[in-house]
Amino acid sequence: KSSTAAMMSSYHLHRFLMFPKFGTLTRSMQSTTPLVFSFVSLSFKKALAVLWEPFANIINTSVWYEDYLSLLDDYGNRYGTEFYNKKKEFIKFFNKNLNLSPLPPAWDALRGDTRVLGVIDELGLFPPPATLNADNIIGGSTDDDLYNPDDENVENVEDDKSKRANADEAHKSLTNSLSTVQIISASLMEQGMDAVPTGIMLGVSSPTSHTDKVMRLLRESKTEIGSESILGSQLPTWEVNPSISRESRTIKLAYARNAEKAERDFGANPPRVHSAFIKDTIIEKDIFVGPR
């Protein structure tokens, strides 16, 4: 999953590097406004190792990027100007006003930037909001529940000591910061400009429960309005990774030990209730017997 996210991110960067300097095409943004690519995981260390380093390796080994950086080096030497700065923990392209870096999952670090890409790894494992119940779920308590993070009953308490964003706070902070570029991009397309890159939110995650953020986003992607802007994909491990088989020893053993946990961890299908006193399999097999 993380490798796929890194590859998608490198292509998104490619599009912005090949596109005219974004701020020069509109009056809605200053030409000096930096556009930000942010890579976020459960900790800064994980964001660096799982998302940023695979992404940076693509930049370092891709022939296209090697040629592009060589071109910037050549013009930089000619004009005595630094066109980019590439370090272990960040990359900046001054010629396009693009800043790229991994970030910690802290609400103060996720706010304020004008982003063109937000990537969250393992969003389903982020801590949930303090309150999550049927009163703040859109539609009540049906199978198509959509959690509403803006409901006044939800206690999205920001811990000033840890400043760690919960799942909804992290996702909302990143998606809100994409709005400026998304609106401008749509406007440029309406004016007849072709292939304008826009702001993209990218999330890759294993699910933990039916109500975690990634599962709620998946359900939202299947609604009439949500499907217009969200692409949701739910695949088991053996379909995501073609080198792994459903009949592999590791997966068969996991299902034999605990089918519910294996279905969550490998099948990408989390349970609706954790540690239920009465399992649904008991109801099906031991209570309802016979043809009726």
Side-chain angles (χ1 to χ4, degrees), residues 3-40 44 47-48 51-104 109-121 173-203 229:
S3 299
T4 303
M7 181 61 72
M8 291 178 176
S9 302
S10 68
Y11 179 69
H12 195 55
L13 172 60
H14 161 86
R15 293 194 66 196
F16 273 91
L17 291 176
M18 294 296 292
F19 196 71
K21 197 172 183 178
F22 207 82
T24 63
L25 302 175
T26 176
R27 294 183 178 181
S28 301
M29 177 190 296
Q30 292 182 340
S31 61
T32 57
T33 299
L35 303 181
V36 177
F37 288 63
S38 298
F39 299 79
V40 183
F44 179 80
L48 188 68
L51 288 178
W52 178 254
E53 289 183 357
F55 169 77
N57 287 338
I58 294 174
I59 305 302
N60 293 332
T61 59
S62 164
V63 174
W64 188 89
Y65 277 105
E66 287 180 354
D67 291 343
Y68 185 82
L69 296 179
S70 296
L71 181 69
L72 294 184
D73 287 334
D74 181 54
Y75 278 103
N77 292 330
R78 292 189 197 182
Y79 300 110
T81 301
E82 186 179 32
F83 287 106
Y84 72 96
N85 188 3
K86 186 162 69 74
K87 301 295 183 182
K88 180 180 179 180
E89 295 181 355
F90 70 86
I91 302 174
K92 295 184 178 182
F93 289 95
F94 303 119
N95 60 320
K96 301 289 184 177
N97 276 354
L98 301 177
N99 295 345
L100 304 90
S101 68
L103 288 179
L110 301 179
R111 296 180 182 175
D113 292 316
T114 301
R115 287 189 176 85
V116 294
L117 178 70
V119 186
I120 294 188
D121 178 64
S173 295
L174 289 176
T175 50
N176 286 352
S177 66
L178 298 167
S179 300
T180 300
V181 170
Q182 289 173 341
I183 293 171
I184 294 174
S185 176
S187 176
L188 293 175
M189 292 284 280
E190 290 173 359
Q191 296 171 28
M193 187 173 291
D194 253 349
V196 183
T198 187
I200 291 178
M201 181 71 206
L202 178 62
S229 58

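Atom set for the values below is all heavy atoms of this structure, side chains included, hydrogens, waters and symmetry mates excluded.
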### Note, Leu48 side chain near Phe39 side chain (heavy atom, < 4.5 Å)
no
### Query
Is the Trp64 ring parallel, tilted or perpendicular to the His14 ring (thresholds 30°, 60°)?
perpendicular
### Query
Is the shortest heavy-atom distance from the side chain of Leu69 to the side chain of Phe93 under 4.5 Å?
yes
### Query
To the nearest 0.5 Å, how far apart are CD1 in Ile58 and CD in Glu53?
12.5 Å
### Heavy-atom closest contact (Phe83 atom, Gly76 atom, distance)
CE1-N, 3.5 Å
### Task
Answer yes or no: is there a side-chain heavy-atom contact under 4.5 Å between Leu35 and Thr114?
yes
## Note on the structure
Rounded to the nearest 0.5 Å, the CD1 atom of Ile183 sits from the OG1 atom of Thr198 at a distance of 9.5 Å
### Query
Measuring from Trp52:CH2 to Asn57:CG, what's the distance to the nearest 0.5 Å?
11.0 Å
## Note on the structure
When rounded to the nearest 0.5 Å, the distance separating CG of Leu98 from NZ of Lys92 is 12.0 Å
### Parallel, tilted or perpendicular, as decided by the 30° and 60° cut-offs, for the rings of Phe22 and Phe16
tilted
## Note on the structure
salt bridge (charged side-chain N to carboxylate O under 4.0 Å, His left out) filter on Arg78, not counting sequence neighbours, yields Asp74
### Message
With a 4.5 Å cut-off on side-chain heavy atoms, are Ile91 and Leu13 touching?
### Response
no
### Query
Would a 4.5 Å heavy-atom cut-off, applied to side chains only, mark Pro20 and Leu25 as touching?
yes
### Message
For Tyr84, is there any backbone N or O sitting under 3.5 Å from a side-chain donor or acceptor partner on Asn95?
### Response
no
### Query
How many angstroms lie between CD1 in Ile184 and OG in Ser179, if you round to the nearest 0.5 Å?
11.0 Å
### Message
Under a 3.5 Å distance rule, please check whether Lys96 uses its side chain to pair with a backbone N or O of Phe19 as donor and acceptor.
### Response
yes
### Task
Identify the heavy atoms of Asp113 and Ser177 that sit nearest to each other, and give their distance.
O-CB, 3.2 Å
## Note on the structure
Nearest heavy-atom approach of Thr175 to Met201 is CG2-CG, 3.7 Å
### Query
Is a side-chain N or O of Ser185 found less than 3.5 angstrom from the main chain of Val181, in a donor-acceptor match?
no
### Task
Evaluate the ring planes of Tyr79 and Tyr75, with Trp represented by its six-membered ring, and classify them as parallel (under 30°), tilted (30 to 60°) or perpendicular (over 60°).
parallel
### Message
If you define the side chain from C-beta out and look only at heavy atoms, does anything of Asn60 sit under 4.5 Å from Tyr65?
### Response
no
### Task
Taking all non-hydrogen atoms of both residues into account, name the closest pair between Gly199 and Gln182 and its distance.
O-NE2, 2.9 Å
### Message
Looking at every non-hydrogen atom in both residues, tell me the closest pair between Leu202 and Ser9 and how far apart they are.
### Response
CD2-OG, 4.2 Å
### Task
Apply ring-ring contact (aromatic ring centres under 6.0 Å, His included) to Phe44 and list each qualifying residue two or more places apart in sequence or on a separate chain.
none
### Query
Where is the tightest heavy-atom contact between Ser38 and Arg115, given as atom of each residue plus distance?
OG-NE, 2.7 Å
### Query
Around atom CZ of Phe90, are there more than 12 heavy atoms of other residues, nucleotides or ligands at under 6.0 Å?
yes
## Note on the structure
With Phe37 as partner, the option from Val119, Val116, Ile200 fulfilling side chain to side chain contact (heavy atoms under 4.5 Å, CB included) is Val116
### Message
Counting neighbours of CE on Met193 that are heavy atoms of other residues, nucleotides or ligands and sit closer than 6.0 Å, is the number greater than 12?
### Response
yes
### Task
Only counting residues at least two apart or in another chain, list the ones meeting side-chain contact (heavy atoms from CB on, under 4.5 Å) with Glu66.
none
### Message
Just verifying a value: how many Å separate Leu117 CG and Arg15 CZ, rounded to the nearest 0.5 Å?
### Response
12.0 Å
